[in-house]
Amino acid sequence: MEMQEANQGGGSEVSPNQTIYINNLNEKVKIDELKKSLNAVFSQFGKILEILAFKTLKHKGQAWVVFDNADSASTAIAKMNDFPFYDKNMRIQYAKTKSDVVAKADGTFVPREKRKRHEEKGGKKKKDHHHDSTQMGMATNSAYPGVYGAAPPLSQVPYPGGVKPNLPEAPAPPNNILFVQNLPHETTPMVLQMLFYQYQGFKEVRMVEAKPGIAFVEFADEMQSTVAMQGLQGFKIQQNQMLITYAKK
DNA sequence: AGCACA
């Protein structure tokens with residue numbers, strides 16, 4: 001029999017936090033793609049303030065996703081812990097400490113430069129932070145101009161760039177295979193899989209390299225594909241809203 | 001395995 005175990009008496013005792021800590025991520029995935037995929041996958045649980053991931057030796061395979069509230073983080077953990085992502089199962093917990101973005105909003109943010117060095121004796125405060133690690137060469141972290149908030153306004157934004165998808169005159173008849181359009185060109189099958197997997201009857205995602213921006217998603221039957229279509233219609237990935245129709249037979 | 005804020 002299947003019983004859902006409340007995760008309370010177990011080993012990992014980290015108190016709820018609006019930031020989740022993910023590890024066991026596939027280290028071969030480039031940081032930029034990783035962050036985008038995480039955003040695409042986790043924004044379904046609520047507004048994301050920031051996603052942090054680093055490629056340094058000590059922090060490979062890990063990421064922090066900062067939600068704007070702890071409930072979103074809890075849901076994300078409940079739904080996504082142990083979920084396969086780039087062929088490895090994500091391990092998700094609450095982060096141990098509060099994220100800087102959150103602390104800054106709190107007013108509780110305290111710069112942590114003091115931890116690095118010994119405290120100077122005498123009454124002198126040092127407030128000059130020499131930019132130190134700036135020449136590591138890897139500068140691709142904060143590349144997103146605050147666009148992580150992707151989930152809620154499903155029907156506000158039309159098709160960015162004015163690109164109109166091909167809508168057939170008459171809607172295609174129900175099909176267990178869905179046709180997805182208006183995806184960001186960098187969308188990976190993995191991202192779509194993550195989104196559609198949560199619906200019963202999910203079978204597979206197919207994308208065509210030569211035709212970016214579209215995908216086919218197969219379900220076991222058309223009842224199930226219909227539920228998924230309704231659930232994800234207009235879902236925003238990055239800037240784009242997915243347009244889902246039945247595939248032509 | 002590894003809990004940061006480039």
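Here is how names work: the chains are called A, B, and so on, in the same order as the sequence lines, proteins then strands, and each is numbered from 1. Computed from a predicted structure; not experimentally measured.
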Starting at [atom1] of [X] and ending at [atom2] of [N], how long is that distance when rounded to a whole Å?
X      : N     : atom1 : atom2 : value
A/L52  : B/dA4 : CG    : P     : 11 Å
A/R112 : B/dA6 : CZ    : C1'   : 12 Å
A/M90  : B/dC3 : CE    : P     : 19 Å
A/N17  : B/dA4 : CG    : P     : 13 Å
A/I77  : B/dC3 : CD1   : C1'   : 13 Å
A/F109 : B/dC5 : CZ    : P     : 10 Å
A/H59  : B/dA4 : NE2   : P     : 5 Å
A/Y94  : B/dA4 : OH    : P     : 20 Å

Subject >> Proximity to the side chain of A/A95 - top-ranked nucleotide from B/dA4, B/dG2, B/dC5 >> reply: B/dA4
Subject >> Proximity to the side chain of A/K96 - top-ranked nucleotide from B/dA4, B/dC3, B/dG2 >> reply: B/dC3
Original post:
Would you say the side-chain atoms of A/S72 and A/N69 include a donor-acceptor pair closer than 3.5 Å?
Top reply: yes
**OP:** Classify the side chain of A/E27 and the base of B/dA1 as holding, or not holding, a donor-acceptor pair under 3.5 Å.
**Re:** yes
**OP:** Could you tell me whether the side chain of A/S99 has a donor or acceptor atom within less than 3.5 Å of a complementary atom in the base of B/dA4?
**Re:** yes
Original post:
Under the side chain to side chain donor-acceptor pair (under 3.5 Å) rule, what pairs show up with a residue in residues 185-200 of chain A, not counting sequence neighbours?
Top reply: A/Q44-A/Q198
Subject >> A/E33 with A/K36: basic N within carboxylate O range, under 4.0 Å >> reply: no
Original post:
Quick one: does A/F83's side chain get under 4.5 Å of A/K88's, heavy atoms only?
Top reply: no
Original post:
May A/F54 be described as stacking on the base of B/dA6, applying a 5.5 Å centroid limit and a 30° limit on plane angle?
Top reply: no
Distance-only donor-acceptor pairs under 3.5 Å for side chains of residues 207-229 of chain A, two or more places apart:
from   : atom 1 : to     : atom 2 : distance (Å)
A/E218 : OE1    : A/R206 : NH1    : 2.9
A/D221 : OD1    : A/M223 : N      : 2.9
A/D221 : OD1    : A/Q224 : N      : 2.8
A/Q224 : OE1    : A/D221 : N      : 3.4
A/S225 : OG     : A/N175 : O      : 2.7
A/S225 : OG     : A/E222 : O      : 3.1
A/T226 : OG1    : A/E222 : O      : 2.5
A/T226 : OG1    : A/Y246 : OH     : 2.6

**OP:** Ignoring backbone atoms, test whether A/K60 places a side-chain nitrogen or oxygen under 4.0 Å from the OP1 or OP2 oxygen of B/dG2.
**Re:** no
**OP:** Determine the contact category for A/K98: base if any of its heavy atoms lies under 4.0 Å from a base atom, sugar-phosphate if only primed atoms, P, OP1 or OP2 are that close, otherwise nothing.
**Re:** base
